[in-house]
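I have placed the structure first, in the form of structure tokens, so that the comments after it can refer back to it.
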2 protein chains.
Amino acid sequence: MSISIQMQLNERLYLKNPQDTKLGKKIIQYSIILIDEIGFEAFTFKKLAERINSTEASVYRYFENKHRLLVYLLCWYWEWMKFHIDYNTMNIEDPKQKLKIAISAIVDTSRRNTSIQFVDEDVLHRIVVAEATKAYHTKQVDEENKEGFFLTYKSLAKRIAKIIKEVNPNYPYPRALASTLLEMANNHIYFAQHLPSLTDIEVKEDDLSQVEELLEDFAFGLLIRD
Amino acid sequence: MSISIQMQLNERLYLKNPQDTKLGKKIIQYSIILIDEIGFEAFTFKKLAERINSTEASVYRYFENKHRLLVYLLCWYWEWMKFHIDYNTMNIEDPKQKLKIAISAIVDTSRRNTSIQFVDEDVLHRIVVAEATKAYHTKQVDEENKEGFFLTYKSLAKRIAKIIKEVNPNYPYPRALASTLLEMANNHIYFAQHLPSLTDIEVKEDDLSQVEELLEDFAFGLLIRD
DNA sequence: TGTTTATTGGTAGTTTTACTATCGATTCGA
DNA sequence: TCGAATCGATAGTAAAACTACCAATAAACA
């Protein structure tokens with residue numbers, strides 16, 4: 001018996017489903033490693049092809065360009081985060097507890113789940129922190145949004161907003177708070193590592209507990225006022 | 001009599017001070033317009049040179065590459081925002097009032113100040129909203145930070161953090177709140193325009209008052225708890 | 001087992017980007 | 001008006017971002 005788990009992602013993101021073939025999986029696996037190593041700007045399909053002993057043309061059979069590959073990788077992470085939030089809040093009654101669980105997933109899903117596939121989620125998380133904003137900060141946002149590229153992210157934010165509403169139905173900005181928590185997590189991890197004067201927290205040896213505390217203080221400070 | 005105002009910016013950002021010459025000023029003026037038109041990714045020195053009837057090589061005499069030009073433009077805006085906050089809070093006693101003034105500057109400095117130079121601050125603000133995160137989301141952050149590229153931004157954040165501390169000296173995350181307000185403003189303007197389900201606010205006909213309300217609710221909600 | 005078909009490799013070629021170098025003309029200030 | 005600064009014009013390179021085509025091979029299927 002063999003179990004194979006497939007991540008369902010927007011088909012328009014790729015030309016050929018990379019999860020279907022050996023080479024496809026290698027592209028996913030090593031693009032994560034290479035983007036982490038050299039950064040998204042310096043990353044090219046040619047360098048990736050060299051790394052996996054394949055050719056540029058072969059990579060182009062899977063993804064139209066590197067931007068779509070990036071969005072694909074990010075959607076993977078977001079989809080996984082959403083699953084994680086759903087799974088871990090399933091039998092929880094207390095909305096506050098739910099929100100705490102969601103925040104811990106927002107801060108770092110990779111730390112809390114075992115890897116099941118060819119994706120190194122720990123490295124993927126570093127990409128999310130460093131490159132995620134580039135997914136939608138382009139001139140093509142509107143077209144890409146119409147094509148559904150950001151459905152995963154939006155539905156993740158919606159899920160978090162729903163929990164926020166449960167905690168305080170009268171809070172006027174549930175969606176804004178949800179997206180802010182998502183953005184803040186990445187920002188403050190990045191700031192702590194590169195521009196520490198822009199935050200008050202520290203991230204020592206991948207210990208993200210202070211980020212979690214910050215987000216909890218933020219969320220509950222806004223939602224629970226007496 | 002003639003008054004000429006110069007914006008003091010980090011000298012390492014440019015090879016030759018663009019504020020010193022006609023061509024330099026044209027580069028600043030039209031790079032803002034062109035980046036706004038086609039986005040930073042598609043923007044090249046060649047296209048800029050064509051637009052101003054000059055040559056690629058001439059543009060390269062001022063800036064090493066387009067990334068440094070972007071940082072230069074953003075620093076311009078941040079420097080200006082800082083000046084604006086300082087100027088408008090000068091004779092104000094009440095810290096809460098100071099923070100409100102700061103927030104209104106964060107949301108949109110361009111709307112509140114008359115243009116004095118060859119820079120169209122309104123268009124520059126659109127660039128800040130759409131492209132600002134790209135300034136420091138690169139593999140070279142650490143080196144560039146050492147070179148002082150982000151001093152302007154950091155000192156702006158520090159100024160805002162100082163006001164936050166005046167409002168509530170016991171708040172544990174003044175710097176994080178300052179940078180979050182700066183990031184949030186851009187994010188929610190952008191979301192309202194391109195990914196509206198990620199926020200609760202609306203931006204109609206460049207009316208940013210709802211962004212201001214959101215940031216005020218955030219800041220005071222966190223700082224004033226009874 | 002043989003035959004399609006899918007998948008990949010290899011090569012080649014194009015346009016654009018991101019530069020650098022050189023030289024002559026112009027302009028600007030002392 | 002002399003010299004320095006500035007700019008325009010041209011040329012050239014390496015890499016990026018693709019597209020096209022054909023042959024080899026592996027997988028599927030009958």
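Chain identifiers are assigned alphabetically (A, B, ...) following the order of the sequence lines, protein sequences preceding nucleic acid strands; residue numbering begins at 1 within each chain.
The B:Thr55 side chain lies nearest to D:dG8 when the options are C:dG9, C:dT8, D:dG8. With C:dC23, D:dA16, C:dT8 as the candidates, the nucleotide lying closest to the side chain of A:Ser58 is C:dT8. The side chain of B:Lys66 approaches C:dA18 more closely than any other nucleotide in the set C:dA18, C:dT8, D:dG8. The side chain of A:Thr44 has D:dA16 as its nearest neighbour among C:dT7, D:dA16, C:dC19.
Ring centers of A:Tyr190 and B:His137: under 6.0 Å apart, within the cut-off. A centroid separation of less than 6.0 Å is found between the aromatic rings of B:Tyr77 and B:His125. Proximity of the aromatic rings of A:Phe191 and A:His188 is defined here by a centroid distance below 6.0 angstrom, and this criterion is met.
What separates CG of A:Asn65 from C1' of D:dT19 is a distance of 14 Å, to the nearest Å. Note: CD (A:Glu50) to C1' (C:dT8) measures 17 Å, nearest angstrom. The CG-P distance, from A:Leu34 to D:dA16, rounds to 11 Å in whole Å. When rounded to the nearest whole Å, the span between NE2 of A:His67 and P of D:dA17 equals 13 Å. The nearest whole Å value for the distance from the OH atom in A:Tyr60 to the P atom in D:dA20 is 13 Å. Computed from coordinates, the A:Glu41 CD to C:dT17 C1' distance equals 14 Å when rounded to whole Å. Protein atom NZ of A:Lys46 is 16 Å distant from nucleotide atom P of D:dT19, rounded to whole Å. Whole-Å rounding puts the A:Phe43 CZ to D:dA15 P distance at 18 Å.
Each of A:Lys47 and A:Arg61 was assigned the nucleotide of DNA chain D with the nearest heavy atom; the assignment lying further toward the 5' end belongs to A:Lys47. When the nearest nucleotides of DNA chain D are assigned to B:Ala57 and A:Phe45 by heavy-atom distance, the more 5′-ward of the two goes with B:Ala57.
Within the structure, every side-chain polar atom (N or O) of A:Lys22 is placed at least 4.0 Å from both OP1 and OP2 of D:dA27. Residue B:Lys16 has no polar side-chain atom (N or O) positioned under 4.0 Å from OP1 or OP2 of D:dA5. Not one side-chain nitrogen or oxygen of B:Thr21 sits closer than 4.0 Å to the OP1 or OP2 atom of D:dT6. Look at A:Ser54 and you won't find any side-chain N or O under 4.0 angstrom from OP1 or OP2 of C:dT8. Within the 4.0 Å cut-off from OP1 or OP2 of D:dC7, at least one side-chain nitrogen or oxygen of B:Tyr62 is found.
The residue B:Asp20 sits apart from the nucleic acid: no heavy atom pair falls under 4.0 Å. A:Glu56 comes within contact range of at least one nucleobase, with a heavy-atom separation under 4.0 Å. Note on A:Phe63: nothing from the nucleic acid sits closer than 4.0 angstrom, heavy atoms only. Within 4.0 Å (heavy atoms only), B:Lys26 reaches no atom of the nucleic acid at all.
A:Phe45 does not carry A:Lys66 over the face of its six-membered ring by the limits of under 6.0 Å from the centre and within 45° of the normal.
Using a 4.0 Å cut-off between charged side-chain N and carboxylate O, A:Glu144 and A:Arg68 make no salt bridge.
Side-chain contact of A:Lys82 with A:Thr152: a donor-acceptor pair under 3.5 Å is absent, judged by distance alone.
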